[in-house]
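Input: a single structure, listed below in structure tokens.
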Amino acid sequence: MPLLDLQKLTVGLSRTWAGFLRDWDRSLRAGNYPETARYNYLLAAAQLGRYLGEFSPDPDADAAADDPCAGTRAHVEAFRAWMIDTRSASTALNKHKGLQQFFKWLLVDEQAIDRSPMERVRQPKTPRKLIPVLPDEDTGKLLDACKGKGFANLRDEALIRLYCNTGARLSEVGNLLVADVDLNTESVHFHGKGAKDRRVRPVDGHGRPRGQRVLRAGLA
């Protein structure tokens, strides 16, 4: 099932908003943007449109709810503050980046507006979160739970070792194909976020290569 359902994404929006989002999606597809990036961008714009029509306290929001070209800096800032209050600062930052691209497209590509409402809107400050590192003891327990010669055992061990020894994202390991694994160079070809591919050699906690053990487990 595809991640991006444009018809579902534009439910509740005016015909003008929905039309712009369809055109923008076509432009993003022509630019070879990954589906995840397109979804995040379009979702941010669709959420702004729905906010203006349902939640905005601004008396002049009706025009912007009907046509994104009538959006103002005040509308964007109010939407972002609402996102921080109802979701989180990191979510608001994600929407900010998506709206930057949307209004840039309206300004530069479509020439539908003379000035972007994002022009002097600063990114929201977000607290820096340190990701906890799983202790070796806990990692060992996970690997012990995978012991066995069955397909599921070997598969799960390979997945856990790849996560631990490459620092890859969840989606990068989850989307791996057999063709992405090279036993000759003991490396893995990851398809990264934003269509940024890279090749990685698994290493242990001391920086020593351990590719054969990891990769052969997954291909056994």
Side-chain angles (χ1 to χ4, degrees), residues 1-6 8-9 25 28-44 47 83 87-98 100-101 123-220:
M1 182 177 180
L3 172 68
L4 203 166
D5 184 340
L6 199 56
K8 183 178 180 180
L9 205 64
D25 182 48
L28 292 172
R29 285 189 285 111
N32 198 31
Y33 281 76
E35 186 183 29
T36 51
R38 287 166 40 220
Y39 174 77
N40 286 328
Y41 286 170
L42 290 160
L43 178 62
Q47 287 176 323
M83 272 287 167
R87 274 79 164 183
S88 67
S90 59
T91 299
L93 176 60
N94 179 275
K95 305 308 174 185
H96 176 94
K97 294 178 178 179
Q100 276 184 322
Q101 298 301 315
Q123 291 187 1
K125 293 182 179 180
T126 56
R128 184 176 181 179
K129 295 183 179 179
L130 294 178
I131 306 300
V133 177
L134 193 67
D136 290 343
E137 181 182 353
D138 291 340
T139 302
K141 291 178 180 179
L142 285 174
L143 292 173
D144 287 342
C146 299
K147 284 184 178 179
K149 297 183 179 180
F151 170 77
N153 302 95
L154 296 172
R155 177 202 61 195
D156 292 347
E157 180 184 353
L159 290 174
I160 292 171
R161 290 190 181 280
L162 279 173
Y163 284 126
C164 293
N165 300 320
T166 65
R169 292 172 177 269
L170 175 66
S171 60
E172 290 175 338
V173 174
N175 292 330
L176 278 177
L177 302 175
V178 173
D180 295 323
V181 178
D182 189 339
L183 292 177
N184 293 323
T185 60
E186 300 182 11
S187 63
V188 181
H189 180 193
F190 286 125
H191 304 281
K193 183 179 179 180
K196 296 178 181 177
D197 290 7
R198 70 188 191 283
R199 187 166 288 280
V200 177
R201 295 188 70 191
V203 297
D204 62 17
H206 302 286
R208 297 188 296 261
R210 62 187 310 173
Q212 288 289 347
R213 183 177 180 183
V214 174
L215 302 180
R216 289 194 183 282
L219 294 179

| Exceeds 12 heavy-atom contacts within 6.0 angstrom, atom OH of Y33 | no
| Say you draw a straight line from CD of Q101 to NE2 of H96; how long is it, rounded to the nearest 0.5 Å? | 10.0 Å
| task | For C146 and D156, work out which heavy atoms get closest and say how close. | result | SG-CB, 3.7 Å
| note | Residues passing the salt bridge (charged side-chain N to carboxylate O under 4.0 Å, His left out) test with K125, sequence neighbours excluded, are none
| Which residue pairs satisfy the salt bridge (Lys or Arg N to Asp or Glu O under 4.0 Å) criterion with at least one member in residues 142-154, sequence neighbours excluded? | D144-K147
| query | Please walk me through it: do V188 and T166 pass side chain to side chain contact (heavy atoms under 4.5 Å, CB included)? | reply | CA-CA 9 Å; V188 181; T166 65; 5.6 Å; no
| Taking only residues two or more places apart in sequence, or in another chain, which ones meet D25 in a salt bridge (charged side-chain N to carboxylate O under 4.0 Å, His left out)? | R29, R38
| Closest heavy-atom contact between A89 and P124? | O-CG, 4.2 Å
| How would you list, by chain and number, every residue that makes a side chain to side chain contact (heavy atoms under 4.5 Å, CB included) with D197, sequence neighbours excluded? | H189, H191
| field | For R198, all residues meeting salt bridge (charged side-chain N to carboxylate O under 4.0 Å, His left out), sequence neighbours excluded | value | E172
| note | Sequence neighbours excluded, the answer for side chain to side chain contact (heavy atoms under 4.5 Å, CB included) partners of N40 is none
| query | What pairs with R87 under side chain to side chain contact (heavy atoms under 4.5 Å, CB included), at least two apart in sequence or on another chain? | reply | Q47, W82, M83, T91
| Quick one: side chain to side chain contact (heavy atoms under 4.5 Å, CB included) partners of L143, sequence neighbours excluded? | T139, E157, I160, R161
| request: Starting at CG of N94, measure out to OG1 of T126 and round the result to the nearest 0.5 Å. | output: 11.0 Å
| task | Could you walk me through whether F190 and N175 pass the side chain to side chain contact (heavy atoms under 4.5 Å, CB included) test, one step at a time? | result | CA-CA 8 Å; F190 286 125; N175 292 330; over 6 Å; no
| request: Looking only at non-hydrogen atoms, find the nearest pair between A168 and V173 and report the distance. | output: CB-CG2, 3.7 Å
| field | Approximate separation, where rounding is to 0.5 Å, of L6 CG and K8 NZ | value | 12.5 Å
